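Written below as C-alpha cells is the structure these notes are about.
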Amino acid sequence: MKSSSNASSVRYSAAAVAAAVVTAAAAALFAASVVRSRRRREEDRYEARIAKLEETRRAERTGRIRAEMKLRTHMKERDAGAMESSASSERGQLNDGGGGGKRSNNGLLLHCIGTVISPYTKRMGTPRQGALVPSGRGFVQLKIPVECVEGLELYSHAWIVFTFHANTDALNNAKVKTNGSMMNLTKTKIKPPRGNGIKVGMLATRSPHRPNNIGLSLVRVVGVDKKMKRLHIAALDLVNGTPVYDVKPCVPWDVPGHHDEVPLSVPNWVSQDDELKSVMFSPKAERSLEECVRDGKLAPLYTRENDGVEGAANAIQEILAQDPRASNSNGPNRRGSSLSSSYVHNNDVYKMLFCSTEVEFRVGTDGVVMVENVRGDFDLENVECVDGIPIILDGAR
C-alpha cells in the first residue's frame, strides 16, 4: 500500500514538473512574442520616421530649388528693369551732351531673338557637349523675321549664343556695383564633374555657372522652315526653352589649326573617356517607346512622320552612354558607380526626362546600361514649371 502511494506521489510530482515546464515554456514563448512584437513596433516606428524624414528632405530640397528658381526669375526681371533704366539714362546723357558722351558702365542689354525647342526637358539628361549626341534634334523658334536666317542653311554648323536659364544659383552670381565694376564672386573655382576632384578657375571650364550666364554652343544646321519661322538644328546641348540671343555661322577659321597649324590642346581631364560600354533596350522599353511616339509624346521632334522611334532610340542611347547620373551624389546612382547586373531591384532604377516621357534605366557592373521603360503616362503640362523647367518631386506623378 505504501509502495502504491509512493508511485502515485512520483506520478503527481512528474506531472507537476511537466506542468511547470510547460508553463515556463509558455511564459518564455509569450515573453519572446512580446519582445518580438515590441521590436516590430519599434522597427515600424523607426521605418515610419525614416520615411517621414526622407519625404521631408525631398520636399525641402524641391522647395529650395523651387524658391531658387523663382528668385532667379525675379532677379532677372529686376536686373532687366535696371539695365533698361540705365540704358535710357545713358541715351539721354548722350542726346543732351551730358558727361561728354561717356558711359557710366559697360552693361549690355540683350533681346531674345528665339527660343530653343529640344528633347532635353531638364538639365539632367542634357549632354555636356552636343556632338556627343548627334541624334539629338531640335529647333530655334524665331521671334525675329525669318529673313534674318536666310542663307544659313548653306552652312553645316552654327554658333548659338544663349543664356543658362535653368541655373538655380541666383544667390551665387556676381553682384555689380553702382559704378558698373564687378563685386567679389562667391565662387571663383569649381570642381569639374570629370576632374577627379581637382579645382580650377570657373572660366577654365565649360560650367554653366559663370559671372554672366552666357553660353556659346556649336550645333549642326539642318535647315530653315520659313513658314513656321524655325531654324532646325541637331547635335545640340541646349535645354528646352533656352532663350537665344544670336546665331553665327561657323567658318573654317573657327577650327583650331586650320589657319595657323597650331593643334588644339586641352587638359587631360577634359579628354577623359568615361563612356559606358553599351546601352540596350528591354522588350518592354522598346514597346513603350513605340507607343510614346505613336501617341505624340515626343512630338514635334520625334514623330510617326519622321524616323521617330529609331531617332529617339538613338538619341537616348547616346545620352545614356555618357552616364547622365549626378557626379556629386552620395547615393549608389552617382556617375561612375555600377549597380547589380541582375537589373531586378526597383529602387535601383534611375530616371531621366526626354521630351514628355520619363526614361527608366539601370547601370550594370559590366558597364552595360539597360533601359527598362519609357513612360509617357504623366502630363508635364500640369506640372509646376519655372522658366519652362518642370519641378518634379521624386516619386510624385
Side-chain angles (χ1 to χ4, degrees), residues 114-142 152-153 155-158 160 217-225 227-242 244 275-324 350-361 368-381 388 390:
T115 303
V116 173
I117 304 299
S118 85
Y120 311 127
T121 311
K122 302 189 72 174
R123 290 175 301 169
M124 203 288 277
T126 301
R128 67 182 190 274
Q129 298 297 327
L132 297 173
V133 184
S135 299
R137 65 183 63 161
F139 57 84
V140 178
Q141 185 65 56
L142 298 170
L152 192 60
E153 69 276 7
Y155 294 87
S156 63
H157 294 77
I160 303 291
S217 183
L218 182 66
V219 300
R220 190 171 74 247
V221 177
V222 176
V224 175
D225 185 340
K227 182 178 180 181
M228 300 297 293
K229 294 184 63 176
R230 293 175 177 176
L231 170 62
H232 288 272
I233 56 179
L236 66 158
D237 57 356
L238 302 169
V239 178
N240 186 60
T242 295
V244 174
E275 184 172 329
L276 295 174
K277 185 176 180 180
S278 63
V279 180
M280 300 186 300
F281 281 75
S282 68
K284 178 181 179 181
E286 291 178 345
R287 292 193 301 270
S288 59
L289 178 59
E290 292 177 357
E291 292 173 359
C292 287
V293 172
R294 182 196 63 201
D295 296 340
K297 295 293 184 179
L298 283 76
L301 303 176
Y302 302 92
T303 67
R304 289 184 296 178
E305 284 68 36
N306 56 30
D307 61 338
V309 175
E310 181 182 0
N314 290 339
I316 292 172
Q317 286 177 323
E318 292 161 2
I319 294 169
L320 296 183
Q322 302 301 319
D323 198 351
Y350 209 62
K351 300 175 182 180
M352 174 190 77
L353 292 182
F354 184 78
C355 293
S356 295
T357 67
E358 186 176 62
V359 179
E360 300 177 346
F361 66 95
V368 176
V369 180
M370 176 63 71
V371 181
E372 295 287 353
N373 194 13
V374 181
R375 294 182 50 199
D377 56 352
F378 62 96
D379 187 4
L380 284 178
E381 293 183 357

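None of the values given here were measured: they were computed from a predicted structure.
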To the nearest 0.5 Å, what is the distance between [atom1] on [X] and [atom2] on [Y]?
{"X": "D295", "Y": "D377", "atom1": "CG", "atom2": "CG", "value": "11.0 Å"}
{"X": "R375", "Y": "L353", "atom1": "CZ", "atom2": "CG", "value": "10.0 Å"}
{"X": "S282", "Y": "M370", "atom1": "OG", "atom2": "CE", "value": "6.5 Å"}
{"X": "L152", "Y": "H232", "atom1": "CG", "atom2": "NE2", "value": "12.5 Å"}
{"X": "R128", "Y": "D323", "atom1": "CZ", "atom2": "CG", "value": "10.0 Å"}

Would you indicate whether the side-chain heavy atoms of [Y] and [X] approach each other to under 4.5 Å?
{"X": "M280", "Y": "V368", "result": "yes"}
{"X": "Q322", "Y": "P127", "result": "no"}
{"X": "E372", "Y": "K284", "result": "no"}
{"X": "Y302", "Y": "C292", "result": "no"}
{"X": "V239", "Y": "R123", "result": "yes"}
{"X": "L298", "Y": "T357", "result": "yes"}

Are F281 and F361, when compared by the centres of their aromatic rings, separated by less than 6.0 Å? no
In plain terms, say whether K227 and D225 are close enough for a salt bridge, that is, a side-chain N and a carboxylate O under 4.0 Å apart. no
Assess whether a salt bridge exists between R137 and D307, defined as any Lys/Arg side-chain N lying under 4.0 Å from an Asp/Glu carboxylate O. yes
Using atom types as modelled and distance alone, determine if a side-chain donor or acceptor of S118 lies under 3.5 Å from a backbone N or O of L238. yes
Whether the [X] and [Y] side chains hold a donor-acceptor pair (N or O, under 3.5 Å, no angle test) is what I'd like checked.
{"X": "N373", "Y": "S288", "result": "yes"}
{"X": "T115", "Y": "Q141", "result": "no"}
{"X": "D237", "Y": "S217", "result": "yes"}

Let me know which of L320, I316, L289, V374 forms a side-chain contact (heavy atoms from CB on, under 4.5 Å) with F354. I316
Go through it in stages, so that I can follow the logic: the residues are I319 and Y120, the test is side chain to side chain contact (heavy atoms under 4.5 Å, CB included), and I'd like the CA-CA distance, side-chain angles, deciding distance and then a yes or no. CA-CA 10 Å; I319 294 169; Y120 311 127; 3.5 Å; yes
Are more than 12 heavy atoms, taken from residues, nucleotides or ligands other than R294, located less than 6.0 Å from that residue's CZ atom? yes
Audit row: I117, N240, side chain to side chain contact (heavy atoms under 4.5 Å, CB included) steps and yes/no: CA-CA 5 Å; I117 304 299; N240 186 60; 3.9 Å; yes
Give me the atom names and distance for the closest heavy-atom approach of [X] to [Y].
{"X": "A321", "Y": "V279", "answer": "N-CG2, 3.8 Å"}
{"X": "A315", "Y": "S135", "answer": "N-CB, 3.7 Å"}
{"X": "C355", "Y": "K297", "answer": "CB-O, 3.8 Å"}

